[in-house]
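Numbering of ligands and ligand atoms starts at 1, following listing order. These numbers come from the heavy atoms of this one structure, side chains and all, not from hydrogens, waters or symmetry mates.
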Amino acid sequence: MSVRRLAEDHVQPQAFAFSKENEDWAKGFVNNFPEGRQASAVIPMLMRAQDQEGWVTKAAIEHIADRLSMPYIRVLEVATFYTQFQLKPVGTNGHIQVCGTTPCMLRGAEDLRSVCQKKINAEPFKTSQDGTMSWEEVECLGACVNAPMVLIGRDTYEDLTPERLEEIIDAFAAGKGDTIKPGPQIDRVFSAAEGGQTTLTDIDHKAASAPKSNKGDSGKPVAKGKKAQVTEESAPAVEGPDDSAKVSQKEAEAEKDALFDRPAGDPDDLKLISGVGKVIEGKLHALGITKYAQIANFTPEQIAQVDERLNFKGRIERDNWLEQADALATGGAEEYRKRFGKEPR
Ligand code: FES
């Protein structure tokens, strides 16, 4: 990584002021913070200054420090620490930050750097002949799974080949950077498997990734084998590999072990049933039991199954789960108090 210093004095402007629009934004933004905590606004203020000027000037650093009552050195520390801040003039159409950390290096970052040297300038931070493009090498930008990658402005361009980077540079140099879709440049959705889904293919992703909603949830137990109903409202808007990526391993495992198909909607607080603690609630969720009404409607066969799975040895009946759950399903804590003369726990 390069040494990060302010640009030489002869390129530094004498003064800095936010444009009218940015000034209005800055006043409002600083007011978001309680008195004495204005320094919290420093990074967004520096970004605004960079967006306006194209880079972070010494005058901007001093202006922001004064406004936030910070010593100049503190703002300088922030600006020199984060590579998102450019400390000297860069390409007018785009500054390419090539990730050179291990995963990207192993996947071809050196070739990407060579493309930048060939098409822009042999030296980092020096602009192309027409002044439109510049480049540098930076450390990990957090998209390692799609290595190798570059950052241009606020967008990442991932899964790059030297050829694809050449096309991207040409587009930005011609002022057509907005025609390039950021993200993976191959057949990959976000950070899902290249070429489409390869794992968890037996999961009902539509049901598993449905947003939490009480709509259409009867709370009735659903026997394993009959899928829980996913209403149109609760179904994800778009089905595809990106939705499947949202299914956590935990959910997948839970579905595998489930006796019931988990009903849609937020789970009830099963811990209000005497005899159910946090651990047992987690185990019940893993069996697909999340609603009071499911427990209230357990059949003797289902009680035996749950007993066996949780190694309970008759505890469900001993602790009278069914009637407790029925009270909670019928009228919540009030009904519970009425029937049992005590608070649900
Ligand atoms: S190593 Fe390149 S993004 Fe992390």
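Residues meeting the side chain to side chain contact (heavy atoms under 4.5 Å, CB included) test with Ala59, sequence neighbours left out: Phe16, Thr57. For Glu343, the side-chain hydrogen bond (donor to acceptor under 3.5 Å, both in side chains) test picks out Arg337, with sequence neighbours left out. When the ring-ring contact (aromatic ring centres under 6.0 Å, His included) test is applied to Tyr82, no partner is found at least two apart in sequence or on another chain.
Classification of the Phe29-Phe33 ring pair by plane angle, with boundaries at 30° and 60°, yields perpendicular.
A salt bridge does not link Glu334 with Lys338: none of the charged nitrogens is closer than 4.0 Å to a carboxylate oxygen.
For atom 4 (Fe) of ligand 1, the neighbouring protein N/O/S atoms at less than 2.8 Å, given as residue and atom, are Cys140 SG, Cys144 SG.
Using a 4.5 Å heavy-atom threshold, the side chains of His63 and Lys58 count as separate.
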